[in-house]
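I have placed the structure first, in the form of structure tokens, so that the comments after it can refer back to it.
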Amino acid sequence: MNPYLSQLQPYPFEKLQSLKNGITPAVEKSPISLSIGEPKHTPPAFVLESLNKNIGRVVNYPSTKGLPELRQAIAEWLTRRFKLNAAGIDSETQVLPVNGTREALFAFVQACVDTRKTAKVLMPNPFYQIYEGAAYLAGAEPVFLNCSRETHYQPNYAEIDEQTWKDCQLLFICTPGNPTGAVMSNQQLVELIELADKYDFIIASDECYSELYFDEANPPQGLLQACASMGRDDYARCIVFHSLSKRSNLPGLRSGFVAGDQALLSPFLQYRTYHGCAMPIQTQLASICAWQDEQHVIENRSLYRKKFERVLSILDGCLDVGMPDASFYLWPTTPINEELFTQKLFAEQNVTVLPGTFLARPSGGVNPGSNRVRMALVASLEECEQAATRIREFCLTL
Ligand SMILES: Cc1ncc(COP(=O)(O)O)c(C=O)c1O
């Protein structure tokens, strides 16, 4: 077997299962999970109707490049949402459908890393686990850039040495971030694009939480938007990853897209053709309906807004936790070790959270996930309130 496989860490949820093994939670309390970031709000009915209506399309092989109508709907959405220049984005060459961002994030690294020279893949720390596994399996070295409260949960890019930038083939950014929810500013994105020009690396921007924000008048900026603000519409060295999973509560649809530099997308399409990951036609047709509608996304945001307000007001004064810029995560510091906190909270209150160290790696002598847990506010308002009340009760005993 591929020796790189042995570098893969067990997935955070496997580690969590081992951590909980042997613990019997308080039986009188119903289990509440805040550990998995799986959206639970109702998906839009018209998307499901489209899926049902077009199920007969399973008789056709889909093309990897996807239907022109889907790429067009995505290009229009991108242009509207990220205020791209009049030329917008070319649906023919600068957009590709993918089966959720997870597979695309993984596949893109395989397609772009050149192991004939030193290959470093830079990523935030904590991070979405696929970035690391994809780097290892491509034969590259992951470099973990710590994100702490002091730097508003962004890496301190100014600290990175010249040689690391020279060896960097790919830089992952995640904005809004998982698990921190931190959003990068236009200024920060522009500075990274300038570094990518200087050192000739690719920026892969995971923006799958971009539609879960709190201020309707202030949506998070994206990497393509930063390119546009610099007067660029070739999006050189830039690729963004978007998904319907969180935006439209459709994690099982497996629908997303990548967009950006044609010079990256064209070989990536060739890679994908061999890899065999075309999106089923009925999924593509349902996805068109979802990208064309914003009303359900606005309603979705208002549900999250209410949950954050309620949960944070319950946790106020008992846990060091703040409102994230965006996303559906809380990233509190814990008064005791994060694994112990997770175990005791599960045992005493039957609430499951995820230890921060399962989402981060030690780097520069620290693990930025230490004394942190991730809480995903995906359950219903009532359940999230119930969880927060139990967490409050638990924290007051510590
Ligand atoms: C940061 C981040 N990127 C990508 C994904 C993958 O999402 P999907 O494959 O459903 O688009 C997730 C899922 O939780 C995530 O948290």
Side-chain angles (χ1 to χ4, degrees), residues 11-14 16 33-41 43 47 66 70 74 77 96-109 121 123-135 142 144-145 147 153-155 170-184 203-213 220 222-223 239-259 272 275 277 279-280 283-284 286-287 290-291 297 300 304 324-331 353-354 356 358-360 369 374-379:
Y11 214 64
F13 301 111
E14 278 175 60
L16 180 62
S33 171
L34 304 180
S35 55
I36 301 188
E38 182 188 63
K40 300 274 182 233
H41 299 165
V47 176
L70 172 61
I74 291 170
W77 180 79
L96 273 183
V98 298
N99 293 312
T101 44
R102 182 177 181 143
E103 70 89 354
L105 290 161
F106 179 82
F108 185 69
V109 185
V121 173
M123 61 195 70
N125 188 31
F127 57 94
Y128 180 53
Q129 301 298 290
I130 302 303
Y131 312 155
E132 179 196 49
F144 304 109
L145 310 174
C147 299
Y153 303 108
Q154 296 298 343
L170 179 72
L171 167 71
F172 272 116
I173 57 177
C174 184
T175 178
N178 171 3
T180 65
V183 168
M184 296 180 78
I203 308 178
S205 183
D206 181 350
E207 301 180 3
C208 75
Y209 293 95
S210 69
E211 303 316 287
L212 305 187
Y213 52 93
L223 185 64
I239 179 167
V240 296
F241 296 73
H242 280 272
S243 171
L244 290 176
S245 300
K246 328 284 181 193
R247 174 185 181 269
S248 302
N249 301 311
L250 292 163
L253 188 65
R254 311 308 305 133
S255 178
F257 68 82
V258 293
R272 296 179 68 71
H275 187 66
C277 44
M279 185 187 287
T283 306
Q284 294 191 51
S287 304
W291 289 116
V297 193
N300 196 31
Y304 282 117
D325 294 340
S327 85
F328 52 44
Y329 297 114
L330 291 175
W331 182 237
V353 296
L354 192 62
F358 292 4
L359 299 168
R374 190 186 76 176
M375 299 176 178
L377 301 192
V378 288

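Both ligands and their constituent atoms are indexed starting at 1 by order of listing. None of these values were measured; they are calculated from a predicted model.
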among protein heavy atoms, the one nearest atom 10 (O) of ligand 1 is S245 OG, 2.6 Å

among protein heavy atoms, the one nearest atom 7 (O) of ligand 1 is T101 OG1, 3.2 Å

Does an N or O anywhere in Y128 fall below 3.5 Å from an N or O of ligand 1?
-> no

Is the shortest distance from a heavy atom of F127 to ligand 1 less than 4.0 Å?
no

Point to revise | Check: E103 side chain, T101 main-chain N or O, donor-acceptor pair, under 3.5 Å | key: no

Under 4.0 Å, counting heavy atoms only: does L105 come that close to any atom of ligand 1? yes

Note: Y209, heavy atoms under 4.0 Å from ligand 1, region reported as side chain

- Message: With a 3.5 Å distance limit and no angle check, can you tell me whether R374 reaches the backbone of N178 through a side-chain donor-acceptor pair?
- Response: no

Residue, atom and distance of the protein heavy atom nearest atom 9 (O) of ligand 1 read R254 NH2, 2.7 Å

- Message: Side chain or backbone, does K246 bring an N or O within less than 3.5 Å of an N or O on ligand 1?
- Response: yes

Any heavy atom of N178 under 4.0 Å from ligand 1? The part involved is side chain

Aromatic plane relationship, Y11 with F13 - under 30° parallel, 30 to 60° tilted, over 60° perpendicular: tilted

May I ask you to check whether E103 has an N/O atom sitting below 3.5 Å from an N/O atom of ligand 1?
no

Without swapping roles, check the side chain of Q284 against the backbone of M279 for a donor-acceptor pair under 3.5 Å.
yes

Test item, C208 contacting ligand 1 (heavy atom, 4.0 angstrom): yes

For G100, the atoms of ligand 1 under 4.0 Å from one of its heavy atoms are 9 (O), 11 (O)

Note: P179 and P126 closest approach over all heavy atoms is CD-CG, 3.5 Å

Pair Y209 and Y329, ring centroids less than 6.0 Å apart
yes

Can you check whether T175 reaches S205 side chain to side chain, under 4.5 Å on heavy atoms? yes

Of all protein heavy atoms, the one nearest atom 3 (N) of ligand 1 is D206 OD2, 2.5 Å

Parallel, tilted or perpendicular, judged at 30° and 60°: which one describes the rings of Y131 and F172? parallel

At under 4.0 Å between heavy atoms, what of C174 touches ligand 1? The answer is side chain

- prompt: What is the ring orientation for W77 with W291, classed by angle as parallel under 30°, tilted 30 to 60°, or perpendicular over 60°?
  reply: tilted

